[in-house]
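So the structure is just underneath, and the comments pick up after that.
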Amino acid sequence: MAIKLYHSPRACSRVTMNALEEVGLEYDEQVVNIFKQEQKSPEYLAIHPGGKVPALAVDGDVITENASILLYLHRRVPQAKLLPDVDSDIVRAQQASDLVWCSGTVHPMVRQVRMPIRFTDGDPSGVQEKGHEYVHGVAAQVSDRVANERWWYGDDWSIVDVYLFWLFTTAASAGFPVGDYPNLAALIERVQDRPSFERAIARETAAANKAGIKLS
Ligand SMILES: N[C@@H](CCC(=O)N[C@@H](CS)C(=O)NCC(=O)O)C(=O)O
């Protein structure tokens, strides 16, 4: 089965790349440089009409949206435990909800902090301020949840932790004070120790270098 990840270094496709590294499937990759608007090229729009990364091609079929790709990979390689093993349909739905929350609710808030200009034709400062307020709310929520836990799901690492890493480091790169939330900051540190995370960053960095993208 041929798998190909369309990604842009540093973007949310990093979560999917980490998942691919964790499940251990072989995959090919193609950089879609969003800093150069390559996601809007006719070639890429033919793959993902929404013009976003990530996209995962599996034998010619394309899956878009991080949450959906992650659930596919989890189902395909359950023993890799991208999400904890459960035998309740309700808990399974709650796990899906956590991923959809990351991508559909928190990601737009982070975008409001990082790229407020995408939300208004006018002065973006109010949009950004509001974004900060929303992200503070989520940071407090995550911080409370992991106060006495190692991971989002207690003792079990999951791809949700990687998603939270990406969301909050992206917000931090636009000035969000993650350090105000020590439990969350500690979670972000722990995520980086996982070998699959290290492999994903190495692969992403190599791809960025090859594509001439500078990752600061
Ligand atoms: N909900 C989507 C969000 C995808 C998304 O917004 N990707 C960003 C990179 S982090 C992108 O492609 N941005 C380019 C653009 O919006 O033009 C997902 O989780 O896959």
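Any value given below was found using the heavy atoms of this structure, including those in side chains, with hydrogens, waters and symmetry copies removed. As the structure lists them, so they are numbered: ligands from 1, and atoms in each ligand from 1.
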Exercise. Give the residue and atom name of whichever protein heavy atom lies nearest to atom 13 (N) of ligand 1, and the separation in Å to one decimal.
Key: R111 NH2, 3.6 Å
Exercise. Kindly indicate, with the supporting measurements, whether the criterion side chain to side chain donor-acceptor pair (under 3.5 Å) is fulfilled by T16 and N66.
Key: CA-CA 6 Å; T16 294; N66 267 300; 2.5 Å; yes
Practice problem: Answer yes when K4 and E29 have at least one side-chain N-carboxylate O distance shorter than 4.0 Å, and no when they do not. | Solution: no
Quiz item: So which heavy atom in the protein is nearest atom 4 (C) of ligand 1, and how far is it from that ligand atom?
Solution: V53 O, 3.3 Å
Quiz prompt | Presence of salt bridge, E22 and R194, under 4.0 angstrom | solution = yes
Exercise. Could you tell me the separation between the SG atom of C12 and the CZ atom of R111, rounded to the nearest 0.5 Å?
Key: 8.0 Å
Quiz item: Between Y163 and ligand 1, which part of the residue brings a heavy atom under 4.0 Å of the ligand: side chain, backbone, both or neither?
Solution: side chain
Quiz item: Counting only heavy atoms, which portion of Q39 has something under 4.0 Å from ligand 1: side chain, backbone, both, or neither?
Solution: side chain
Quiz item: Could you state the interatomic distance from CH2 (W166) to CZ (R10), rounded to the nearest 0.5 Å?
Solution: 10.5 Å
Quiz item: Given the side-chain rings of Y181 and H136, with only the six-membered ring counted for Trp, is the space between their centroids under 6.0 Å?
Solution: yes
Exercise. Please say whether the positively charged group of R114, taken as NZ for Lys or CZ for Arg, lies over the ring of F176, i.e. under 6.0 angstrom from the six-membered ring centre and within 45 degrees of the axis.
Key: no
Quiz item: If we only count N/O pairs under 3.5 Å, is W166 in contact with ligand 1?
Solution: no
Self-check item: Residue selection (non-hydrogen contact nearest atom 20 (O) of ligand 1) among V110, N66, V15, T64
Solution: N66
Practice problem: Using a strict cut-off of 4.0 Å, indicate which atoms of ligand 1 neighbour a heavy atom of P54. | Solution: 20 (O)
Exercise. Could you list which atoms of ligand 1 come closer than 4.0 Å to a heavy atom of C12?
Key: 4 (C), 5 (C), 7 (N), 9 (C), 10 (S)
Quiz prompt | Atom indices of ligand 1 within 4.0 angstrom of A11 heavy atoms, with elements | solution = 9 (C), 10 (S)
Quiz item: Using heavy atoms and a threshold below 4.0 Å, how should the contact between R118 and ligand 1 be classified: side chain, backbone, both, or neither?
Solution: side chain
Quiz item: Between K40, R10, K52, E65, which one has a non-hydrogen atom sitting closest to atom 1 (N) of ligand 1?
Solution: E65
Quiz item: Do D89 and R92 meet the salt-bridge criterion of a basic N to acidic O distance under 4.0 Å?
Solution: yes
